Amino acid sequence: RACTSESRGALVVLEGLDRCGKTSQSSRLVSYLEGLGHSVELWRFPDRTTSVGQMISSYLSNQSELDDRTIHLLFSANRWEKRSMMETKLKSGVTLIVDRYSYSGVAFSSAKGVDVEWCKAPEIGLLAPDLVLYLDMPPEKAAERGGYGDERYERLEFQRKVAQCYQILRDSSWKIVDASKTMEDVQKQLQEIVLDHILACQKGKPLSLLWS
Ligand code: FDM
C-alpha cells in the first residue's frame, strides 16, 4: 500500500518465557494482518542466520562456552546488525512482528546476575518498539507445556529468575496478555491490541530509540 512520508509500519515485539507460546502467536498474528491486507514480516531474535547468530546458536545448544558478558554483547550485536534493515522496512510501511528483542537480552543476562544497567547499555540507540506484548505465564506452567528442549536456558529454576527480571523491566506501556488461556483467546486479544498501534504508526507516530 502507498504511504505518505510520515506513514510507517509498526514495530511490535512479543516477549515472554520459553514455551509461553510466543512463536506460534507471532506467526498467527502475521497471517491475520496479511489477511487484512497489511504489509507485514515476521522477525525473530536471535536471528541465527547471520555469522553472529551462528555463534549464539552454538552457545545456546551447549556446543560452545562463552563468558556471560560476551554472549550478552553478541545478542546485542545481532540486533545492531539488523537495525538499518529494520528502519528501512518500517519507513517503507512494513509492520514487523518480532519474536523477542532487547527485553529478552536484558532479562536473560540479568537473570544470571549481570547488572541491569550494564545489560541495557549496548541496547541504547536501537529502535524502540511501538508495542511490547508480554505473554504472561507462570514458569511452572510453561515448563509443563510439552517440556523443555535441550537448550541452555530451558530449566525451571532459571526461567523463574527470568520471570522476575521481566517484572523489573516491565513498564506501564507493556500490554500483559494472559498466555494461559487458549490459543484462540490469546490470539484474539493480541489482534485487537495490535491494530490500534498499526493505525497510530500509519498516522505518523514518530520512531523512537531505546532505552526509554
Ligand atoms: N535470549 C534471546 C537471550 O538470552 N538474549 C537475547 O537477547 C535474546 C533475543 O535465547 F532462551 C535467549 C532467550 C531464549 C534463547 O531464544 C533462544 P528462542 O526464542 O528460543 O530462539
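Below, each value reflects all heavy atoms present in this structure, side chains not excepted, and no hydrogens, waters or symmetry copies. Throughout, numbering of the chain's residues begins at 1 and tracks the sequence. Everything quoted here is computed from the prediction, not taken from an experiment. First listed ligand is number 1; within each ligand, the first listed atom is number 1.
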Please report, to 0.1 Å, the donor-acceptor pairs under 3.5 Å made by any side chain of residues 125-138, with sequence neighbours excluded.
from   : atom 1 : to     : atom 2 : distance (Å)
Asp130 : OD1    : Arg8   : NH2    : 2.8
Asp130 : OD1    : Lys205 : NZ     : 2.8
Asp130 : OD2    : Arg8   : NH1    : 2.9
Asp130 : OD2    : Leu11  : N      : 2.8

Checklist entry - Which protein residues have a heavy atom closer than 4.0 Å to any atom of ligand 1, listed by chain and number? => result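 Within 4.0 Å of ligand 1, the protein residues are Asp18, Arg44, Phe45, Pro46, Arg48, Leu60, Phe75, Arg79, Arg100, Ser104, Gly105, Phe108, Tyr153.
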Checklist entry - Looking at Arg155, Arg100, Arg145, Lys141, which one forms a salt bridge (Lys or Arg N to Asp or Glu O under 4.0 Å) with Asp18? => result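 Between Asp18 and the candidates, salt bridge (Lys or Arg N to Asp or Glu O under 4.0 Å) is satisfied uniquely by Arg100.
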Checklist entry - Considering only heavy atoms from C-beta outward, does the side chain of Asn78 approach that of Met55 to under 4.5 Å? => result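 Of all side-chain heavy-atom pairs linking Met55 with Asn78, none is under 4.5 Å.
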Next on the checklist: Just to verify, what does Tyr103 make a ring pair (Phe, Tyr, Trp, His ring centres under 6.0 Å) with, not counting sequence neighbours?
Outcome noted: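 Counting only residues at least two positions away or on another chain, Tyr103 forms a ring pair (Phe, Tyr, Trp, His ring centres under 6.0 Å) with Trp174, Trp211.
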Please tabulate, for the side chains in residues 192-201, all donor-acceptor contacts under 3.5 angstrom to protein atoms that are two or more places apart in sequence or on a different chain.
from   : atom 1 : to     : atom 2 : distance (Å)
His197 : ND1    : Ile193 : O      : 3.0

Next on the checklist: For a quick check under 3.5 Å, do Tyr166 and Glu15 share a side-chain donor-acceptor pair by atom type?
Outcome noted: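 Their side chains do contain a donor-acceptor pair, which is all the 3.5 Å distance test asks for.
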